[in-house]
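Right, one structure below, let's go through it.
In listed order, ligands and their atoms are each counted from 1.
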Amino acid sequence: MMIDLTTLRADFPILSREVYGRPLVYLDNAATTQKPLCVLDAMRDEYLNVNANVHRGVHFLSQQATDLHEAARERVRTFINARKTEEVVFTRGTTEAINLVASTFCASQMREGDEVVVTDMEHHSNIVPWQLQAQQRGIIVRHLPITDRGELCPLDEVERMLGDRTRLLCVTHVSNVLGTVNPVKDIIRVAHEHGVPVLVDAAQSAPHLRLDVQAMDCDFLAFSGHKMYGPTGIGVLYGKEAWLDRLPPYQGGGEMIDKVSWERTTFERLPFKFEAGTPDYVATHGLATAIDYLERVGLDNVAAHEKDLTDYCTERLREVEGLRIYGEAGHKAGVVSFLVGDIHHLDMGTLLDRLGIAVRTGHHCAQPLMARLGVTGTVRASFAMYNTREEVDLLVAGIRRVVTMF
Ligand SMILES: Cc1ncc(COP(=O)(O)O)c(C=O)c1O
């Protein structure tokens, strides 16, 4: 084991709290991760010692806050290996990043009857923004099927879906329900052969897998800080400069303009064109600190540890009679969804909670996927770098206990 879990868990004080008089077992990391002390300290320190609005001030504090904010952008750039900081747009999260692309891409690059292709395993935030555009502009949203194991359909099927009117393909890197890691590099290659750009939803991959947007060759990529040990309210849209240049601004206001007059308003250069209003400059510093932390632990170590937990959890869950696992792809990240017998997911989640075990239940913001799986919801355990095999054992013991109650 490359991760020293005792030392690492001490960085997350919340993990030692109790709920209902029992030690907390936090297995809801796909919803949000806990934050290490260094992130909290960095943000507190900024509010205590540096706080001032960024970009507009000539005074010392404003310049220092601006330096931290722009250093965070550079930190994100190196984290995802973007070519330029101009390609890193700060947003409130994945959802806002995808809405930004949906709104500006559809307005400038699509006409009625043009198509966006998504997949059957998308989170609502990679479905509904496109549906809103479909309602407003008459574009068509098509969706790629998945197999019974929870893998995306084969590449030749992807290829067949890409027609003359396909303008964009949007795919999640990792499914938040099934844990499936999609072969995004291959999908992007095939899409590009057909002249179709690709948006990757990296909300569930950024905390677990090394991202390299140049190697992947994606055109857009979105992720959220809070799912990768950073603060809430901050996320990233990466876009290739050539694409971002072609898109119109998303929201209007301060920060995003060059000159404003009643006759004519011009816009800032990238990436500021897409960042209207005061940014959450404390959160960007927090995000950069979280990235430093993640890289100090080492993404390869994190991935190996979470694979061990996922494999161990899957193996232990298979021992529970009547338990069905949803998502059995060959390549999975740290998510395990399941149901036991006819026990409702909400009942299972509520009773596990009383045992101190935090899991997520319900449709996980993926109702079309639930329909495909033929269920209304599942119970989902999702892992982070600080989880342990002992916690998996507690989960399995908890499930067994719940089963005996029915
Ligand atoms: C795959 C996926 N995409 C997008 C999102 C939305 O992220 P956020 O709510 O941080 O914008 C989530 C959140 O669960 C997710 O799992």
Side-chain angles (χ1 to χ4, degrees), residues 26-35 76 89-103 116 118-132 143-144 146 150-152 169-182 184 187 198-209 211 218 220-238 250 274 280 283-284 286-287 290-291 306 326-327 329 331-337 358-370 372-373 377-384:
Y26 186 77
L27 300 177
D28 193 18
N29 295 288
T32 201
T33 52
Q34 301 303 342
K35 321 301 171 200
V76 170
V89 178
F90 285 122
T91 64
R92 283 190 298 124
T94 309
T95 303
E96 189 179 56
I98 297 175
N99 274 277
L100 188 163
V101 178
S103 172
V116 170
V118 299
T119 83
D120 270 353
M121 65 170 94
E122 298 308 312
H123 187 280
H124 292 163
S125 63
N126 205 14
I127 298 175
V128 182
W130 308 110
Q131 289 179 327
L132 290 174
H143 48 107
L144 289 161
I146 60 168
E151 289 173 325
L152 193 62
L169 170 62
C170 306
V171 59
T172 193
H173 195 179
V174 172
S175 160
N176 64 315
V177 176
L178 307 163
T180 310
V181 181
N182 283 317
V184 284
I187 295 169
V198 179
L199 177 147
V200 175
D201 175 348
Q204 294 296 343
S205 55
H208 309 290
L209 307 172
L211 294 176
C218 55
F220 302 100
L221 178 132
F223 59 94
S224 301
H226 70 97
K227 292 186 194 287
M228 46 181 293
Y229 313 100
T232 50
I234 193 72
V236 171
L237 169 68
Y238 158 82
Y250 177 45
F274 294 110
D280 194 340
T284 55
L287 173 61
I291 291 173
E306 290 171 349
Y326 293 87
H331 190 189
K332 276 182 75 165
V335 174
V336 185
S337 270
V359 290
R360 187 138 295 235
T361 64
H363 56 63
H364 315 295
C365 296
Q367 287 180 348
L369 175 57
M370 295 298 122
R372 166 65 180 83
L373 298 174
T378 68
V379 185
R380 180 186 73 184
S382 53
F383 303 113

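Closest to atom 12 (C) of ligand 1 by heavy atom, among His123, Met121, Arg92, is His123. Nearest to atom 6 (C) of ligand 1 by heavy-atom distance, out of Thr95, Val174, Val177, is Thr95. The residue among Ala31, Ser125, Ser224 with a heavy atom at the shortest distance from atom 10 (O) of ligand 1 is Ser224.
Heavy atoms of His364 found under 4.0 angstrom from ligand 1: none, in either backbone or side chain.
Of the inter-residue distances, the one linking His226 atom NE2 with Arg92 atom CZ reads 11.0 Å to the nearest 0.5 angstrom.
Checked by distance only, ligand 1 and Thr172 stay at 3.5 Å or farther apart across all their nitrogen or oxygen atoms.
With ligand atoms numbered from 1 in the order given, ligand 1 contributes 4 (C), 7 (O), 11 (O) to contacts under 4.0 Å with heavy atoms of Thr94. Shown in contact with Asn176 at under 4.0 Å from a heavy atom are these atoms of ligand 1, numbered in order with element: 16 (O).
Using a 4.5 Å heavy-atom threshold, the side chains of Glu96 and Leu237 count as separate. You'll find the side chain of His143 stays beyond 4.5 Å of the side chain of Glu122, heavy atoms only. The shortest distance between side-chain heavy atoms of Ile146 and Thr180 does not fall below 4.5 Å. Residues Tyr26 and Thr33 are not in side-chain contact: their nearest non-hydrogen atoms beyond the backbone lie 4.5 Å or more apart.
When each of Val116, Ile127, Thr119 is tested with Cys170 by the rule side-chain contact (heavy atoms from CB on, under 4.5 Å), just one qualifies, namely Val116.
Here the side chain of Ser175 pairs a donor or acceptor atom with the backbone of Val177 at under 3.5 angstrom. In terms of modelled atom types and a separation under 3.5 Å, the side chain of Ser205 and the main chain of Val174 share no donor-acceptor contact.
Taking a 4.0 Å cut-off on heavy atoms, His173 fails to register as neighbouring ligand 1. Heavy-atom separations between His226 and ligand 1 include at least one value shorter than 4.0 Å.
Among protein heavy atoms, the minimum distance from atom 14 (O) of ligand 1 is reached at Lys227 NZ, 2.6 Å. Among protein heavy atoms, the minimum distance from atom 16 (O) of ligand 1 is reached at Gln204 NE2, 2.7 Å. At the top of the distance list for atom 3 (N) of ligand 1, counting protein heavy atoms only, stands Asp201 OD2, 2.5 Å.
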